[in-house]
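One structure is given here, and the rest of the page talks about it.
Reminder, nothing fancy here: chain letters follow the sequence lines and each chain counts from 1. The figures here come from the full heavy-atom set of this structure, side chains too, leaving out hydrogens, waters and symmetry mates.
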Protein chains: 2
Amino acid sequence: MSLIVVGTMAFDAIETPFGKSGKIIGGSATYVAWAASNFVRPVNQLSVIGYDFPKEELDALEARGVQLSGVQVKQEEKSFFWAGKYHMDMNSRDTLDTQLNVLANFSPVVPDNYQGSEFLMLGNLMPSLQMSVIKQLQQRPKLIVMDTMNFWMDTAMEDLEAVLKEVDVLMVNDSEARQLSGQFSLVKAAKEIRKMGPKYIVIKKGEHGALLFHGDNVFFAPALPLEDVFDPTGAGDTFAGGFIGHLAATKDISFENMKNAVIKGSALASFCVEKFGTTRMKEISDADIEQRVQQFVDLVNFDIKLSNGNG
Amino acid sequence: MSLIVVGTMAFDAIETPFGKSGKIIGGSATYVAWAASNFVRPVNQLSVIGYDFPKEELDALEARGVQLSGVQVKQEEKSFFWAGKYHMDMNSRDTLDTQLNVLANFSPVVPDNYQGSEFLMLGNLMPSLQMSVIKQLQQRPKLIVMDTMNFWMDTAMEDLEAVLKEVDVLMVNDSEARQLSGQFSLVKAAKEIRKMGPKYIVIKKGEHGALLFHGDNVFFAPALPLEDVFDPTGAGDTFAGGFIGHLAATKDISFENMKNAVIKGSALASFCVEKFGTTRMKEISDADIEQRVQQFVDLVNFDIKLSNGNG
């Protein structure tokens, strides 16, 4: 049940209608690791940090069973930094600042002890680097899941298309699915994206839940209706971590089990947004997760009588 | 299982990115009646039309078991007319024209043979007229469901608040729930609206599904992911008709059965949007509805193992 997680480990500075975070820990691989490690250990982390990344954050991850031998430390450079501001609806945000720092010349190297991993989570990162990781693996993983974003569609579409041909599952949000496919209807978008490579498409709709497409099958998981979404940063990465973590732990990549993975991802994401950054992810217990999953069951459960006896 | 439906019967002219409808039949009570009559007959219709409302449309409704003795015909006036244009996302629309005509001086009169009805659906209409109907009923119905819209919040808030005190279920869309409550979070909005009177709140989110709130309980029904939403006009009224029709047919107003009513409403609404106006509602059979409900079951069904044995 070995899992490689590729992505950024970074600093974020977040503004929401509820306040400012100051400089806090972020990065796609950070969130994925915190989420996935609830279900599967070790998590083989592949990333890059600068001299300024706090040792206690690395220690906390190691204590969670996150392997850091694939995390390069560039002693002369600063960690990747992103600053952003959310609007009232929390579904849209403006980037205020991006400092690539260590990412500018990052070249991921897969350590020998990561070889043979059965699951690969390509967190949001330059597509060329995602591809470099795939190419370094001596054995193709059982399942490759890829997250990406509109920025790469605008700036590195050829590289992105090349990676898409290699992955099993693509995760994007609704506007990214529309941009990538040129289709407004998400059903049509998923069909178009399937032609680009991935057999499974997960479309994340933020507070409106997530859709999982495979062939003619579609599964819908709601987001938990929350009193407040405090900070959506990392919710998508946390969702991805819960998704791949559940699959890696169960080693079952059937569509039926992917539904459960979507629910687990949604449950973890619903914690993530309750506080700034990774704060909430560090607090939750297995019992908290179990209780939250039960809330999802209750939220969508209905018992309707159909004349064919199903329902 | 008698049901009174109050609302407009009208002409619409609709523009969508897919085309123009020309002048077609619309109105909140028209859609409610077409939807509810799939489950319960008679539907006791309370509305007003002008000399120009087509007799074949009235005949079609009568053939469905819709009682028209409560529909006033004003021989000197034209029927209510609304023209609107949808944007690409189909969730927002501009009103191009509104001609009140018969509605300007409408005073609903409840016929004697409607008295004693157990279910009342107050379709979208001036709140003062909704109230007038409630006051005319000699016996309070078992369940009163009210639909309304932002226009009445802007222009007749006092009247609206008065009606809210009298109803059991309020149906609004997400932006209306936010406007009515002053809360952005829909969870908080439902709590605020509950203080205004209704014990049950249904928040319709268009392509993002619907939420049903009661006390601390919440149920979520997705919208069916469709390749195309052709025309969303009447989808909310159709949802309301399916909802109240199912409740009136089963005479069970428990929260559990309201979940099923939400699913039935969602299923009917998913047909409504497939063609202009009421076209699709006139075509569908019981078997079509059953099959569509099964699609909703399949869409949200998952079987997750929890240590408490539920799921």
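- Atom NZ of A:K282 has more than 12 heavy atoms from other residues, nucleotides or ligands within 6.0 Å.
- The interface of residues 270-280 of chain A with chain B, defined by heavy-atom distances below 4.5 Å, is empty.
- Ring planes of B:F302 and A:F219: perpendicular class, angle over 60° (limits at 30 and 60°).
- Using a 4.5 Å cut-off between heavy atoms, B:E207 touches chain A through backbone and side chain atoms alike.
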Cut-off 3.5 Å, no hydrogens considered: what does the side-chain donor-acceptor table look like for residues 32-40 of chain B, sequence neighbours left out?
| from | atom 1 | to | atom 2 | distance (Å) |
| --- | --- | --- | --- | --- |
| B:S37 | OG | B:A33 | O | 2.7 |
| B:S37 | OG | B:W34 | O | 3.2 |
| B:S37 | OG | B:R64 | NE | 3.1 |
| B:S37 | OG | B:R64 | NH2 | 3.1 |
| B:N38 | OD1 | B:R64 | NH2 | 3.2 |
| B:N38 | ND2 | B:W34 | O | 3.1 |
| B:N38 | ND2 | B:A35 | O | 3.1 |

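- With values rounded to the nearest 0.5 angstrom, A:H246 atom NE2 is found 6.0 Å from B:I304 atom CD1.
- B:N217 does not touch chain A: none of its heavy atoms, backbone or side chain, sits under 4.5 Å away.
- Residues satisfying the side-chain hydrogen bond (donor to acceptor under 3.5 Å, both in side chains) criterion with A:H208, sequence neighbours excluded, are B:K205.
- Most heavy-atom pairs under 4.5 Å with chain A: of the set B:L211, B:V229, B:V293, B:V262, this distinction falls to B:V293.
- Here the closest non-hydrogen pair linking B:D303 and A:N260 is O-ND2, 3.2 Å.
- The contact list for residues 181-204 of chain B toward chain A, using heavy atoms and a distance under 4.5 Å, reads B:F184, B:S185, B:V187, B:K188, B:K191 by residue number.
- Per-residue heavy-atom pair counts under 4.5 Å with chain A were compared for B:F296, B:F220, B:F213, and the maximum is reached by B:F220.
- Contacts between B:L212 and chain A at a heavy-atom distance below 4.5 Å are absent for every atom of the residue.
- Only the backbone of A:D298 comes within contact range of chain B, with heavy atoms under 4.5 Å apart.
- Of the atoms belonging to A:L299, heavy atoms from both backbone and side chain fall under 4.5 Å from chain B.
- In A:F151, the CZ atom is not crowded: 12 or fewer heavy atoms of neighbouring residues, nucleotides or ligands sit closer than 6.0 Å.
- Open room surrounds CD on B:Q291; 12 or fewer heavy atoms of other groups in view lie less than 6.0 Å from it.
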